[in-house]
Each structure stands twice: as C-alpha cells, then as structure tokens.
Amino acid sequence: MIVEVVGCSPMDCEAIERAGADRIELCAGIVAGGVTPSAGLFKTARAATSLPIMVMVRPREGGFLYSDQEFKSMVEDVLTFGELGADGVVFGVLLENGAMDVERMSRLQMAAGSMKTMCHRAFDVTPDPVQAIQDLVSAGIDRVLSSGQTTSIVEGLPTLAKLISAADGQIEVQPCEGIRPENVASVVSALMPQCIHFGPFVNIWDPTSKLDKPVNYGHHVEVEEACIRGVVEIVRSLE
C-alpha cells in the first residue's frame with residue numbers, strides 16, 4: 001500500500017522520506033487547500049528527495065470553475081512540471097453546476113503525457129460522485145482523491161466504499177482527510193485501498209512574522225514527521 005503525504009517545502013519532503021512514506025504531493029498555500037508551487041520550489045523539492053512527486057496544479061484559491069486565462073496557465077504549468085521531471089500532476093476542473101469538466105480534464109491529461117494524473121478534492125463537491133467517477137475515467141485520469149464528500153475520513157468510509165466499487169478498477173480512489181495513527185487501521189480494514197493520502201501539519205511561527213510592530217504576518221506550516229512515521233508503521237504492520 002502506498003502512503004502519500006502532502007509537503008510544501010524541501011524540508012517537508014526530507015521529513016516525509018525519513019518517516020518512511022512512499023510518495024509526495026507537493027503544493028504551496030496549504031492553508032487555502034493547496035495551490036500550484038513555483039518552479040523553483042519544485043526544483044529544490046526534487047533535489048531534496050528521491051521519492052516520486054505529484055505536483056498540485058491549481059491556479060488560485062476558491063472553487064474550480066476557471067476562466068480561459070486560468071485554464072491556459074494550468075496547461076502551461078502541467079507542461080512545465082513535466083519538463084522539470086515531476087512524476088505526476090494533480091488538478092480538478094468543474095463546470096458551473098459542479099459536474100466534472102470532462103473536456104478540460106481530458107486536455108490536462110493529454111498535456112501530462114507520461115506523467116500520472118490525479119483529480120484533487122474538487123471531486124468532493126460534485127453533486128453526483130458516481131457519475132464524476134465515470135467522467136474521470138472518460139477523461140483518462142489515473143487517480144482521484146476523496147474523503148467521501150465529508151470533512152472526516154471516518155464519516156466518509158461508507159461513501160468511499162461505494163465509490164471504490166463504482167470505480168471497478170478503472171481509476172484508483174485514494175482516501176484522505178484526517179488520516180492519523182489512531183484511525184488508519186480502520187480505514188485500511190474498511191476499504192483496502194491501494195494508497196492512502198494525508199497531510200499532518202503543525203503551525204510554525206517565524207520570529208519575523210511579528211516583531212515590535214502592529215503588522216502580523218501569521219504562521220506557516222510544516223509536516224509533523226512523528227505522525228507520518230506512526231501512520232507508516234501501522235500500515236506496514238497490516239501488510
């Protein structure tokens with residue numbers, strides 16, 4: 001079973017590899033759900049780890065209905081990350097009614113070439129997830145990330161089981177959202193997934209975010225290495 005972990009920096013990538021995980025999803029702006037990392041961030045992350053890296057391609061925060069210009073930037077980012085040596089790309093494009101935009105998803109899949117493709121959690125706001133599974137299959141997408149359209153992996157298990165059944169091996173459904181050492185065994189037992197996906201982060205206060213001025217630039221996050229190691233150890237014990 002593949003253990004995939006979200007990382008936002010070269011240091012995160014090093015910690016994820018040390019903890020024994022198998023694959024990384026690289027993004028920026030995780031506080032907003034993740035957006036496209038810069039080429040520079042990808043290059044330094046690629047140099048920091050030998051693990052496969054899936055790269056988020058999401059041009060902005062918010063929903064997933066994109067303008068023509070935003071979509072063009074997504075295509076360019078997919079092509080750029082392919083040239084830079086990414087193992088895969090992660091994206092999601094919806095129509096105004098929330099259904100999968102099959103045409104645009106297909107175009108991004110084609111731009112990815114030999115890279116693996118995954119639909120991110122745009123999937124979790126689609127009105128008909130079973131139909132969305134078939135739409136992603138039609139678009140040629142390899143994987144889809146889902147919590148079962150809930151805010152908790154435990155609550156989403158019944159829906160995820162139905163989605164895995166509906167996928168029927170045509171696309172890999174990756175469970176996510178709040179997987180931790182205390183629940184990963186129940187997730188694995190209920191779903192027997194090919195991969196689990198999670199991102200345990202802790203808040204980090206840079207000493208320069210607020211000095212003696214009223215301006216406050218807030219915190220950033222780093223992955224919690226001990227949590228990753230705990231999940232990995234349990235998963236390996238179940239294999």
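Because only heavy atoms are used, hydrogens play no part in the values below, and waters and symmetry mates are left out as well, while side chains stay in.
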With a 4.5 Å limit on heavy-atom distance, are the side chains of Met74 and Val93 in contact?
yes

Shortest non-hydrogen separation from Glu17 to Ala48 and the atoms involved:
OE1-O, 4.3 Å

Donor-acceptor under 3.5 Å (Arg180 side chain, Glu182 main chain)
no

So which heavy atom on Ser50 is nearest to which on Arg46, and how close?
C-NH2, 3.6 Å

For residues 184-205, which side-chain donor-acceptor pairs fall under 3.5 Å, sequence neighbours excluded?
unit_1: Ser186; atom_1: OG; unit_2: Asn183; atom_2: O; d: 2.7
unit_1: His197; atom_1: ND1; unit_2: Glu4; atom_2: OE2; d: 2.6
unit_1: Asn203; atom_1: OD1; unit_2: His219; atom_2: NE2; d: 3.2

Rounded to the nearest 0.5 Å, how far apart are CD1 of Ile16 and CZ of Arg23?
12.0 Å

Nearest heavy-atom neighbours spanning Pro10 and Thr44
CG-OG1, 3.3 Å

What's the spacing between Thr117 OG1 and Asp142 CG if we round to 0.5 Å?
4.0 Å

State the OG1-CG distance between Thr126 and Leu136, to the nearest 0.5 angstrom.
8.5 Å

Would Cys119 and Met105 count as a side chain to side chain contact (heavy atoms under 4.5 Å, CB included) if you check the C-alpha gap in whole Å, the side-chain angles of each, and the deciding distance to 0.1 Å?
CA-CA 9 Å; Cys119 178; Met105 292 294 284; 4.0 Å; yes

Does one side chain, of Ser146 or Arg121, offer a donor that lies under 3.5 Å from an acceptor on the other?
no

For Gly34, does its backbone N or O pair with a side-chain atom of Arg58 as donor and acceptor, under 3.5 Å?
yes

Check the pair Lys210, Tyr217 against side chain to side chain contact (heavy atoms under 4.5 Å, CB included), reporting the backbone distance first and the verdict last.
CA-CA 6 Å; Lys210 185 177 182 181; Tyr217 287 101; over 6 Å; no

How far apart are the closest heavy atoms of Pro127 and Ala99, and which atoms are they?
CD-N, 4.1 Å

Any chance the side chains of Thr49 and Glu14 put a donor and an acceptor closer than 3.5 Å?
no

Report the hydrophobic cluster partners of Met11, with the cluster defined as I, L, V, M, F, W, Y residues connected by side-chain heavy atoms closer than 4.5 angstrom, directly or transitively.
none

Checking side chain to side chain contact (heavy atoms under 4.5 Å, CB included) for the pair Thr36/Phe81: CA distance, chi angles, key distance, verdict?
CA-CA 10 Å; Thr36 308; Phe81 289 125; 3.7 Å; yes

Closest heavy-atom pair, Cys27 versus Val6, reported as atoms and distance to 0.1 Å, is SG-CG1, 3.8 Å

Backbone N or O of Asp206 within a donor-acceptor pair of the Ser209 side chain at under 3.5 Å?
yes

Do the non-hydrogen side-chain atoms of Lys116 and Asp87 ever get within less than 4.5 Å of each other?
no

Verify the cluster assignment for Val75 and Phe64: are they in a single hydrophobic cluster under the rule of side-chain heavy atoms below 4.5 Å apart?
yes

Against Leu145, only a single residue in Glu172, Met118, Met54, Glu177 fulfils side-chain contact (heavy atoms from CB on, under 4.5 Å); can you say which?
Met118

What about Val221 and Ile179, same hydrophobic cluster or not, with Ile/Leu/Val/Met/Phe/Trp/Tyr joined at side-chain heavy-atom distances under 4.5 Å?
yes

Gap between atom CG of Asp135 and atom CD1 of Ile171 - 0.5 Å precision:
10.0 Å

Among pairs that include at least one residue of residues 225-235, which meet side-chain hydrogen bond (donor to acceptor under 3.5 Å, both in side chains), considering only residues two or more places apart or in two chains?
Arg18-Glu225, Glu225-Arg229

Between Lys72 and Asp77, does at least one N-O distance fall below 4.0 Å, as a salt bridge requires?
no

Report yes if the side chains of Met56 and Phe91 come closer than 4.5 Å at any heavy-atom pair, otherwise no.
no

Under 3.5 Å: donor-acceptor pair, side chain of Glu239, backbone of Met1:
yes

Report whether Ile2 and Val235 are members of the same hydrophobic cluster (ILVMFWY, side-chain heavy atoms less than 4.5 Å apart, transitive linking).
no

Atom CG in Leu65, atom CZ in Arg104: separation rounded to 0.5 Å?
7.5 Å

Could Arg236 and Asp22 be called an ion pair, given the rule that one side-chain N must be under 4.0 Å from one carboxylate O?
yes

Given side chains that start at C-beta, do those of Pro175 and Ile153 come closer than 4.5 Å, heavy atoms only?
yes

Checking Glu222 against Ser9 for the side chain to side chain donor-acceptor pair (under 3.5 Å) test, could you report, in this order, the C-alpha distance in whole Å, the side-chain angles of both residues, the deciding distance, and whether it holds?
CA-CA 8 Å; Glu222 293 179 358; Ser9 69; over 6 Å; no

Linking I/L/V/M/F/W/Y whenever their side-chain heavy atoms sit closer than 4.5 Å, directly or via other members, would Met100 and Leu160 fall into one cluster?
yes

From Leu108 atom CG to Met115 atom CE, the distance as rounded to the nearest 0.5 Å
10.0 Å

Between Asp168 (side chain) and Gln170 (backbone), is there a donor-acceptor pair under 3.5 Å?
no

Is the count of non-hydrogen atoms from other residues, nucleotides or ligands lying under 6.0 Å from Met110 atom CE greater than 12?
no

Output yes when a side-chain donor or acceptor of Asp124 lies under 3.5 Å from a complementary backbone atom of Gln149, and no otherwise.
yes

Should Val90 and Phe123 be counted in the same cluster of Ile, Leu, Val, Met, Phe, Trp and Tyr side chains packed under 4.5 Å apart?
no

Residue pair Ile53 / Leu26: nearest heavy atoms and the distance that separates them
CG2-CB, 3.8 Å

Give a yes or no answer on whether the side chain of Ser165 reaches the backbone of Ala161 with a donor-acceptor pair at less than 3.5 Å.
no

